[in-house]
Amino acid sequence: MKETIYALSSGSVPSGVAVIRISGPAVRKVVSSLCRKIPTHRQTQLSKLRDPQTREVLDEALVLYFQGPNSFTGEDVAEIHCHGGRAVVAAVLNSLAQFEACRPAEPGEFTRRAFDGGRMDLTEVEGLADLIASETESQRRQAVRQMGGALGKLYDDWRKRLIHMRAMIEADFDFADEEDVPGSVADKVWAEAGELKAEIEDHLVRSKSGERLRSGVQVVLMGAPNAGKSSLLNAIAGRDVAIVTEEAGTTRDVIEVHLDLVGYPVTLVDTAGLRKAEGVVEQEGIRRAEQRGREADLILWAVEPDGIESTDKDGGLPADLSTEVPVWTVRTKADLETPPKQDSSGTTIDIPASSKDRNGVRALFEALTCFAKETISVSEVPLATRSRHRHYLNDCLTNLEKAVTADHLPAELRAEDLRRAADDLGRITGRIDVEDLLDVIFRDFCIGK
Ligand SMILES: Nc1nc2c(ncn2[C@@H]2O[C@H](COP(=O)(O)OP(=O)(O)OP(=O)(O)O)[C@@H](O)[C@H]2O)c(=O)[nH]1
């Protein structure tokens, strides 16, 4: 018999209220032992919780019961909303441990059971994980939509269309010898497959912003040592995230700060100053800095005013970076500029900013907010949000392309490519062999979810 699992599902204790969740076939037995009476399906019941052996009262709690399959996991589920004191929670968990059929849940195990029971597809599971991890308003909105099944439905619809196309082609060659089946069925199918391919391509292009919304727009601060990068990071973040000293080469590793710019997520990254470094640690820091620069959506290139001698000016922005990634020049330490320079009105954005008197920091903040908005452009249509989705969508496109263009090949082979394309979409929603993926996906969940 399947084990019944339990876990503290609310945050860390102590807290006002703690929620302990139980799921599995022994739920009715456990609940009736702890609080005598099982609540009506989906209704709350105020109960005295008692130790199953000693019958000592542990707490007075609200208990909810969801009869399977109409529950989150699809199994019988109970939730105990008790007081969130450490001793209370420990006592309730200890009581649950006394039942032979019960054991503590693994991270994400409730959701895993919901997936195994067909209550959620994989994109919904990922949406739920994203919702729990969401830090900004726009991330929350996207996650809610995905958790509600919008993305999974899109892929399921596409998959059904492909399955239908394949059925039409197979019917066409089954009846190829019969004269009354019009030969144009196949032509129509290949035209439809071409249309679907264009839809998926369009979806992939727009989904770049879905992925960015999930992970945050990557803005990387680069420049010579001592140019004022860490100070700028701290000034934009409004707190001391990075260490600032007068010594060149202070920042050795990559430092990240997650910002919520009016609802848009931005990851601002401080990096080691670029110069011809001698030491192994600094060289590695510079290698990491350049790597992050390559993955960036935007580089903020920090440049000190002329005449300041603190900077090693022998390292520049590598040429491949300045051509591949948009670069804004930020003239740091603007308070030291004499006389202050005028804003340049060239094609590159040039922003003077002083971390000391904060002049220009506001303007930089606003420019970054606009950049994040443009990069993310929150959309009402569902977008792919993970590289995993992108990977299978690309596989699907490759198979569709083969099917559509191979008009010199027998229809059986082309129909097989349609099947492969449908399977690729099935892998995104978890309808097709994804066993090896599940551990990776559920590993990100916390215990109790
Ligand atoms: N006057 C003035 N000094 C600044 C400003 N920003 C930074 N500094 C000073 O410049 C020095 C270097 O600043 P950091 O922010 O550590 O520079 P960095 O580019 O991160 O340096 P590395 O980590 O060595 O690459 C420190 O002494 C700061 O106090 C500024 O806006 N105005």
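In listed order, ligands and their atoms are each counted from 1.
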Can you find an N or O of [X] that's nearer than 3.5 Å to an N or O of ligand 1?
| X | value |
| --- | --- |
| T332 | no |
| A272 | no |
| N226 | yes |
| K333 | yes |

Distance under 4.0 Å to a non-hydrogen atom of [X]: what atoms of ligand 1 satisfy this?
| X | answer |
| --- | --- |
| L336 | 1 (N) |
| D335 | 1 (N), 2 (C), 30 (C), 31 (O), 32 (N) |
| G273 | 25 (O) |
| G228 | 7 (C), 13 (O), 14 (P), 15 (O), 17 (O), 18 (P), 19 (O) |

If you measure only the distance, is there a donor-acceptor pair under 3.5 Å linking the side chains of [X] and [Y]?
| X | Y | value |
| --- | --- | --- |
| E201 | H203 | no |
| D270 | S230 | yes |
| D424 | N399 | yes |

### Message
I'd like to check R275 versus E282 (side-chain heavy atoms, cut-off strictly below 4.5 Å). Are they in contact?
### Response
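Yes, at least one pair of side-chain atoms sits under 4.5 Å.
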### Message
For a 4.5 angstrom cut-off between non-hydrogen side-chain atoms, does I376 reach F371?
### Response
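They are not in side-chain contact.
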### Query
Less than 4.0 Å between a side-chain N and a carboxylate O, is that true for R292 and E256?
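Salt bridge flag = yes for R292 with E256.
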#### Entry: salt bridge (charged side-chain N to carboxylate O under 4.0 Å, His left out) between R431 and D156, intermediate numbers included
CA-CA 9 Å; R431 307 242 179 271; D156 266 346; 2.7 Å; yes
### Query
Can you tell which part of D270 has a heavy atom less than 4.0 Å from ligand 1: side chain, backbone, both or neither?
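Neither part.
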### Task
Indicate, as side chain, backbone, both or neither, the part of D357 found under 4.0 angstrom from ligand 1 when only non-hydrogen atoms are considered.
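Neither part.
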### Query
Is the closest heavy-atom distance from A227 to ligand 1 below 4.0 Å?
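The answer is yes: ligand 1 sits under 4.0 Å from a heavy atom of A227.
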### Task
Over all heavy atoms of both residues, which pair between G228 and S355 is shortest? Give the atoms and the distance, please.
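Minimum heavy-atom separation between G228 and S355: O-OG, 4.5 Å.
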